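None of these values were measured; they are calculated from a predicted model. Both backbone and side-chain heavy atoms feed into the values below; hydrogens, waters and symmetry mates do not.
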Amino acid sequence: MASLETAAEHERILREIESTDTNCIGPTLRSVYDGQEHGLFMDKLEGRIRNHDREIEKMCNFHFQGFVDSITELLKVRGEAQKLKSQVIETNRKLQEDGKELVQMMEELKVCRLQQRNIASTIDKLTLCLPVLEMYSKLQEQMRTKRHYPALRTLEQLENTCLPRVSQYRFCAIMAENIPRLRAQIKDVSMSDLKDFLESIRKHSDKIGETAMKQAQLQRSLDSTVSYQHRTVSGRRSRKEAGLGTELEGQGSSPLSEQDSGILDVEDEEEEDEVMGAQDLVDFSPVYGCLHIYTVLGARETFENYYRKQRRKQARLVLQPHSNMHETLNGYRRYFNQIVGFFVVEDHILHTTQGLVNRAYVDELWDLALSKTIAALRTHSSYCTDPNLVLDLKNLIVLFADTLQGYGFPVNQLFDMLLEIRDQYSEILLKKWNLVFRQILDQDNYSPIPVVSEEEYRHFMGQFPFQDPELDKLPFPKKLPFSEFVPKVYSQLKEFIYACLKFSEDLHLSSTEVDDMIRKSTNLLLTRTLSHCLQYAIKKKNVGLTELVQIIINTTHLEQSCHFLEEFISNITNVPPDTVNATKLYGTSTFKDARHTAEEEIYTNLNQKIDQFLQLADYDWMAAQGGGQASDYLSDLIAFLCSTFTVFTHLPGKVAQTACMSACKHLSTSLLQLLLEADVRQVSMGALQQFNVDVKECERFASSGPVPGFQGDTLLLAFIDLRQLLDLFTQWDWSTYLADYGRPSCKYLRVNPHTALALLEKMRDTSRKNNMFAQFRKNERDKQKLIDTVVKQLRSLINAHQS
């Protein structure tokens, strides 16, 4: 049973080997070798192989005759094929020999067609490449000629339009690689040009500003000429005159702007040459080019920030004045020229570029410039002491302001600052005129001006508004009542007013403002400068009474001339003097104060002279009896007073009367003090009698009327105190004095009990000394007792009055 199964299995394996691909018989053979019937399987396999060999042999024997026939036919075909081959070879040889020339021609045609194709292709490629090469050549030329913005536009067109069409060529790749480098080169070169431009305008801003200010000055002169012609030409005008006026007006009315370069510079009376505009001095192409380049490159903001930053730095440098700028006008002029040049450039950039600088940026720079400039001018102008330099500086500031105002910059602060400089200018003028007035007063001879001819008389009348019909009738030679300092001072007052008027010109002030400014400055000159000079002249040492009298006369005439000064100011300012709120001149009060000071000085001087004479008094206070005539010192004093009051004839009556009364009162008071002074310990009756004689001499002088105008014995009242005191002692009328004391009708109303007691004490001491050796004389003893009694009564009276 097992052998049958094994045989069946081997049969199955054999069938599987016969029917299966050789690549897949591995598992089958493995099953044979894994079994234990390997030998049997091999035997079985050998038998199967022998069977297949027998079948193959049978099949070959069946088909052998057909194979032999096929071989025989094939041999016949080979012979024929050999013949055919020989014929084909011969035919081919002949054909090759016959077609060799044709082949050669065909080869030539082929090469020609290839060349034609290559030429056409080359033409096509060159047609594409030539614009690129031409544009690149154009780019190189633009770079060489420094036309950077066109070069950048060419570069942009080359990169975006031309190169993409021929990008397959190697030279295009090289060009494309160079484009960033060329772009950076253009950017750097344009920035370098901008830096050179900034450095150039920094160096030449002085020249730019100078040209702009010349244009403004010519413009202002032209406007003034046109305005003058319109004011002066009236009535009918010819067409020629009208045409000329229109032409001038057209030239003068165009305001200064960034495009204005047509201002005329008059070289002579017949020719007018066009002046180059301030902007024409500058080549702005580096700015425009750099701006366009950075805009195209997308870095406009970077460029704007750089430009503004650099210009701010330059502005700070321009606005920094030189330390010695105040020494000369050229220093100020250079400073202003640089500032004007800076803002002329910025204004041009503002109006010719879109957004590189804006109005806010320019206004910011202008505000900075205004603050810095005003601060610098305040500082440096404070060092100036020359009024001419200050006036020139004012004119320069006005021109500076007008120039920048023509470019649209607000300049109100500059004119406000000019008002501050005006105050400083007034102070400088006051200092200058202080020296002028002092020199006039020091050099004056304080004598009436002698006039010997009509011409000389008119000369002085032209200098000073003086009218005196009485003097006009007198023949030559004659004398003016005042000294030379009157016309000189009056002339200098007018010069001062002219100097103030010069400063007010071109300040855009109304006539009323100019008038008010001049009047206020003139008031300062009168009340401060001239007043101090007059006070100095009056109070300085060695000023005699004659000089003081002449000063009073002079100040009186100057006071009378004040209304002429008012009219003079009104004429030059065209403002009526009766305008509401018009400032009035304080000249009248100034000259009145000076005259009052001179009067007081006369009184003081007279009193000092009286004191000097009184110092010569040499009384013998112990004299037994008085002399019959006045003392020598008093006679000299009276003679001096008489001659002095004779000089007072030209003084106003009140002044002479006051001086005379003051002198008499001082003389009376001084004589009383001389009598009562502490050094005089004893006074005899004889000394009192001599003293009484001197007082009578003074009274005779007072009653003689040394100065006209006193009513009755008014002047004698100056000696009333002394007279009553002397009468009381010389008449020894104590009973009346003691009985009537305190009554309004008292005979000795002016006698003070203290004064009487002091003098009585001096006389009692004298009586005691004289009675030392004559104490047994009854009369002397009675007199001594009487004195003692009066002394006691006086003391009781004083005590009762005090209680």
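- Between the side chain of N324 and the main chain of E327, no donor-acceptor pair closer than 3.5 Å is present.
- If you take CG on N412 and CG on D416, they are separated by 6.5 Å, rounding to the nearest 0.5 Å.
- Considering only residues two or more places apart in sequence or on other chains, F197 meets the ring pair (Phe, Tyr, Trp, His ring centres under 6.0 Å) condition with F284.
- Contact of the T529 side chain with the L524 side chain is not registered, since no non-hydrogen atoms from C-beta on lie closer than 4.5 Å.
- Counting only heavy atoms from C-beta outward, the side chains of N434 and R528 never approach each other to under 4.5 Å.
- Annotation: the span from I497 atom CD1 to S521 atom OG amounts to 10.0 Å, rounded to 0.5 Å.
- Distance check, rounded to the nearest 0.5 Å: CG of D283 to OH of Y288 gives 9.0 Å.
- Contact annotation: the side chain of Q354 never approaches that of L291 to less than 4.5 Å [non-hydrogen atoms, C-beta and beyond].
- Residues satisfying the side chain to side chain donor-acceptor pair (under 3.5 Å) criterion with Q310, sequence neighbours excluded, are absent altogether.
- Listed by chain and residue number, nothing satisfies the ring pair (Phe, Tyr, Trp, His ring centres under 6.0 Å) test with F342 (two or more places apart in sequence, or in another chain).
- A distance-only check finds no donor-acceptor pair linking the side chain of H348 to the backbone of V344 [under 3.5 Å].
- Counting heavy atoms from C-beta on, the side chains of L501 and S504 come closer than 4.5 Å.
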**Report entry** Step-by-step side-chain contact (heavy atoms from CB on, under 4.5 Å) determination, R311 to V345
**Finding:** CA-CA 10 Å; R311 289 297 279 167; V345 171; 3.7 Å; yes
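- The closest side-chain heavy-atom distance from D196 to S192 is below 4.5 Å.
- For E364, the side chain to side chain donor-acceptor pair (under 3.5 Å) partners are R312, not counting sequence neighbours.
- Minimum heavy-atom separation, F303 to V287: CZ-O, 4.0 Å.
- The two residues R202 and E199 have their closest heavy-atom pair at NH2-OE2, 2.7 Å.
- Shortest non-hydrogen contact noted between V340 and A212 is CG1-CB, 3.7 Å.
- Counting heavy atoms of neighbouring residues, nucleotides and ligands inside a 6.0 Å radius, atom NE2 of H563 exceeds 12 of them.
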Can you list, pair by pair, the side-chain donor-acceptor contacts under 3.5 Å of residues 390-400, counting residues two or more places apart and other chains?
{"unit_1": "K394", "atom_1": "NZ", "unit_2": "K502", "atom_2": "O", "d": "3.2"}
{"unit_1": "K394", "atom_1": "NZ", "unit_2": "F503", "atom_2": "O", "d": "3.3"}
{"unit_1": "K394", "atom_1": "NZ", "unit_2": "E505", "atom_2": "O", "d": "2.5"}
{"unit_1": "N395", "atom_1": "ND2", "unit_2": "L391", "atom_2": "O", "d": "3.3"}

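- In this structure, the side chain of Y425 engages the main chain of A499 through a donor-acceptor pair within 3.5 Å.
- Sequence neighbours left out, the pairs with a member in residues 291-303 that pass side-chain hydrogen bond (donor to acceptor under 3.5 Å, both in side chains) are T295-R300, R300-E304.
- Here the side chains of N358 and R308 are in contact, with some heavy-atom distance below 4.5 Å.
- The heavy-atom pair separating L526 from T590 by the smallest distance is O-CG2, 2.9 Å.
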Query raised in the report: Could you walk me through whether D516 and T512 pass the side-chain contact (heavy atoms from CB on, under 4.5 Å) check?
Result: CA-CA 6 Å; D516 184 67; T512 305; 5.5 Å; no
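- For Q463 (side chain) and K488 (main-chain N/O), no donor-acceptor pair under 3.5 Å exists by modelled atom type.
- With no hydrogens or angles considered, no side-chain donor-acceptor pair links Y332 and S381 at under 3.5 Å.
- Classified by interplanar angle (parallel below 30°, tilted 30° to 60°, perpendicular above 60°), the ring pair W366/F343 is perpendicular.
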Query raised in the report: How far apart are the C-alpha atoms of E427 and K432, what are their side-chain angles, what is the distance that settles it, and do they pass the salt bridge (Lys or Arg N to Asp or Glu O under 4.0 Å) test?
Result: CA-CA 9 Å; E427 289 297 324; K432 176 183 177 181; over 6 Å; no
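- In this structure, the separation between CG on N337 and OG1 on T403 is 9.0 Å, given to the nearest 0.5 Å.
- For CD of E420, the number of neighbouring non-hydrogen atoms (other residues, nucleotides, ligands) closer than 6.0 Å is greater than 12.
- D347 places none of its side-chain heavy atoms less than 4.5 Å from the side chain of V362.
- Residue L198 comes nearest to Y307 through the heavy atom pair CD2-CE1, 3.9 Å, listed as atom of the first residue, atom of the second, then distance.
- Interatomic distance, CD1 of I518 versus OG1 of T573, reported as 6.0 Å (0.5 Å rounding).
- Remark: Q215 CD to D402 CG distance equals 14.0 Å, nearest 0.5 Å.
- A donor-acceptor pair under 3.5 Å is formed between the side chain of S510 and the backbone N or O of E513.
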Query raised in the report: Run the side-chain contact (heavy atoms from CB on, under 4.5 Å) check on R422 and L419 step by step: do they pass?
Result: CA-CA 5 Å; R422 178 195 66 186; L419 298 182; 3.8 Å; yes
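- Checking Q140, E134, K138 one by one against Y136, the side chain to side chain donor-acceptor pair (under 3.5 Å) holds for a single residue, Q140.
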Requested in this report: Might you work through the salt bridge (Lys or Arg N to Asp or Glu O under 4.0 Å) test for R438 and D442, ending with a clear yes or no?
Outcome: CA-CA 6 Å; R438 289 212 173 188; D442 289 340; over 6 Å; no
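- The residue from F437, W433, Y490, F568 that alone fulfils the ring-ring contact (aromatic ring centres under 6.0 Å, His included) condition with F496 is W433.
- Contact annotation: the side chain of P321 never approaches that of R334 to less than 4.5 Å [non-hydrogen atoms, C-beta and beyond].
- Residues L281 and K207 share a closest heavy-atom pair of CD1-O, 4.1 Å.
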Requested in this report: Apply salt bridge (Lys or Arg N to Asp or Glu O under 4.0 Å) to the pair E566 and R519, showing each step before the final yes or no.
Outcome: CA-CA 9 Å; E566 295 263 7; R519 289 176 181 273; 2.4 Å; yes
